[in-house]
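To find a chain, count down the sequence lines: A is the first, B the second, and so on, and within it residues start at 1.
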Amino acid sequence: MTAPAGPRTRTTQVVPASRFHLARTLQSGQCFRWTVAAAVASGGTAHTVARGVVNGTVARVAQRGGRLIVTWEGPPGDAARLRRHLGADQPLEAIEGELARDPVLRRVLAQTSGIAIMRQDPWECLVSYVISAFNNIPKICRSVEALARRFGEPIYARGARETASVQAGRPAGAHRGAAVPVGWSFPSPERLAQASEAALRACILGYRAPYVRVLARHVADGDVDLGAVPRLDFDDARAALLALPGVGEKVVECVLLFGFGRREAFPVDVWVQRAVERWYLGGRARTPRAIREWARERWGPLAGYAQQHLFAGVRTQDRLDGTS
DNA sequence: ACCCAGGTGAGGG
DNA sequence: CCCTCACCTGGG
């Protein structure tokens, strides 16, 4: 089934860190530009095939036999960079060993082991999570995809050439024989800053359209330098991002965690709040802020990982219990 | 026809 | 500070 590796092969292999689980990572709700499909190998054992737009190209990734088999649909990318993007470089065995000292997490980990915290592009992550407010995951994915399709750069299959008509603006379309993009990169702050509010609303953003527009303008103008955030300490980074429109207490933690790799971040959404109240606080209600502080005190630099497992765990449980 | 969905920001106590 | 409420829009 594996295509022979020719001299110009577009397939490569990546060895993930021990315990890394591709499907669980991509389906744990942290990213919006990956789709996962189950596939069946010739031997009959199920494995995962995923497709995502990353770093200006499109990657198809299958996890089999402890390896990640990467096929570039767009221009060949950097395998090490993809590995880092997926979080497949993180010491999950040590992290989960530490978390499993907590009896609640030990039980949850049976269902969630192998989830890595990804290292997504900070700008794309920021916009995605601003869109996530009072929204649902399928619609967030559609919005991000629409933004990329409308304002991003087309990505062509390896070997395909851009035509003059494509460079001029919208792709001319297949009926004229122009190359069809395999995907679109996420648009830059400059590009989104100049988009009209109506055009943004057309991307299913609803009332979030002005947030995205003003957010893009602030970043494009350098009011907040995303490139400098990694050098700030946690509280300063948090304060800098919180100043942006549409970025509140929950979104800022998501961006720090999934975009900047700050694993002490602990986003408290309705699901995590439910999990903590149900499993740790005897059902007593607490404010999101109180839960966040409690979690950081309890798990410190692994708070973000604890959050990810609690989120996946409580959603799995409610899915199994729920009638719908 | 309603009701809900991974919050945020504005306004008043 | 804490609390309350409206909010685009698509899918149950």
Discussion item. Looking only at the side chain of A:Phe258 (C-beta and beyond, no hydrogens), which of the listed nucleotides B:dG6, B:dA5, B:dT8 gets closest?
Written reply: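 From the listed options, B:dG6 comes nearest.
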
Worksheet item: Counting side-chain heavy atoms from C-beta on, which of C:dG10, C:dC3, B:dT8 comes nearest to A:Thr287?
Response: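 Within the option list, the nearest is C:dC3.
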
Nearest whole angstrom, please: distance from the [atom2] of [N] to the [atom1] of [X].
{"X": "A:Glu249", "N": "C:dC1", "atom1": "CD", "atom2": "P", "answer": "12 Å"}
{"X": "A:Ile204", "N": "C:dT9", "atom1": "CD1", "atom2": "P", "answer": "10 Å"}
{"X": "A:Leu126", "N": "B:dG7", "atom1": "CG", "atom2": "C1'", "answer": "14 Å"}
{"X": "A:Arg292", "N": "B:dG6", "atom1": "CZ", "atom2": "C1'", "answer": "16 Å"}
{"X": "A:Arg201", "N": "C:dC7", "atom1": "CZ", "atom2": "P", "answer": "12 Å"}
{"X": "A:Arg289", "N": "C:dC3", "atom1": "CZ", "atom2": "C1'", "answer": "14 Å"}
{"X": "A:Ile131", "N": "C:dC7", "atom1": "CD1", "atom2": "C1'", "answer": "16 Å"}
{"X": "A:Arg286", "N": "C:dC3", "atom1": "CZ", "atom2": "P", "answer": "12 Å"}

Discussion item. Are more than 12 heavy atoms, taken from residues, nucleotides or ligands other than A:Arg19, located less than 6.0 Å from that residue's CZ atom?
Written reply: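 Yes, enclosed.
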
Discussion item. Does A:Arg107, at its CZ atom, have more than 12 non-hydrogen atoms belonging to other residues, nucleotides or ligands within less than 6.0 Å?
Written reply: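 Enclosed: over 12 neighbouring heavy atoms sit under 6.0 Å from CZ of A:Arg107.
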
Remember a base hit wins even if backbone is also touched, and classify [X] as base, sugar-phosphate or nothing at under 4.0 Å, heavy atoms.
{"X": "A:Gly248", "answer": "sugar-phosphate"}
{"X": "A:Val247", "answer": "sugar-phosphate"}
{"X": "A:Pro288", "answer": "nothing"}
{"X": "A:Val251", "answer": "sugar-phosphate"}

Practice prompt. Pick out which of A:Thr11, A:Val182, A:Thr12 makes a side chain to side chain contact (heavy atoms under 4.5 Å, CB included) with A:Trp72.
Written response: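 Considering A:Thr11, A:Val182, A:Thr12, a side chain to side chain contact (heavy atoms under 4.5 Å, CB included) with A:Trp72 is found only for A:Thr12.
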
Practice prompt. Determine which pairs satisfy side-chain hydrogen bond (donor to acceptor under 3.5 Å, both in side chains) with at least one residue from residues 290-309 of chain A, sequence neighbours left out, and list them in order.
Written response: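 The answer is A:Ser28-A:Gln308, A:Gln90-A:Tyr305, A:Asp102-A:Arg298, A:Thr112-A:His309, A:Glu249-A:Arg292, A:Glu253-A:Arg296, A:Arg289-A:Glu293.
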
Discussion item. Both conditions, 6.0 Å and 45 degrees, for the charged tip of A:Arg315 above the ring of A:Trp271: are they met here?
Written reply: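 Yes, a cation-pi geometry.
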
Worksheet item: So does A:Arg60 pair up with A:Glu73, basic N to acidic O under 4.0 Å?
Response: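 The answer is yes: the pair qualifies as a salt bridge.
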
Worksheet item: Once Watson-Crick and G-U wobble pairs under 3.5 Å are found, how is DNA chain C written in dot-bracket notation, 5' to 3', with | for any base paired to another strand?
Response: |||||||.||||

Item to complete: Between C:dG10 and B:dT8, how far apart are the P atoms? Round to whole Å, please.
Response: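 Result for the P pair: 22 Å, nearest Å.
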
Worksheet item: P atom, C:dC3 versus B:dG6: distance in rounded Å?
Response: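 Straight-line distance between the two P atoms is 23 Å.
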
Check: [X]/[Y] side-chain N/O donor and acceptor closer than 3.5 Å:
{"X": "A:Ser18", "Y": "A:Glu93", "result": "yes"}
{"X": "A:Glu190", "Y": "A:Gln194", "result": "no"}
{"X": "A:Ser113", "Y": "A:Glu96", "result": "yes"}

Fill in: For DNA chain C, the residues among residues 207-222 of chain A that have a non-hydrogen atom under 4.0 Å from it
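Contacting residues: A:Tyr207, A:Arg208.
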
Worksheet item: So A:Arg33 and A:Glu145, salt bridge (Lys or Arg N to Asp or Glu O under 4.0 Å) or not? Walk me through it.
Response: CA-CA 7 Å; A:Arg33 295 209 80 192; A:Glu145 182 63 26; 3.1 Å; yes

Item to complete: Could you say whether A:Gly246 or A:Pro267 is positioned toward the 5' end of DNA chain B, judged by the nucleotide with the nearest heavy atom to each?
Response: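 With A:Gly246 and A:Pro267 compared, the 5'-side residue is A:Pro267.
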
Worksheet item: Has the side chain of A:Lys250 got a donor or acceptor that lies under 3.5 Å from a partner of the other kind on the base of B:dG7?
Response: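 Answer is no: no donor-acceptor pair is held.
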
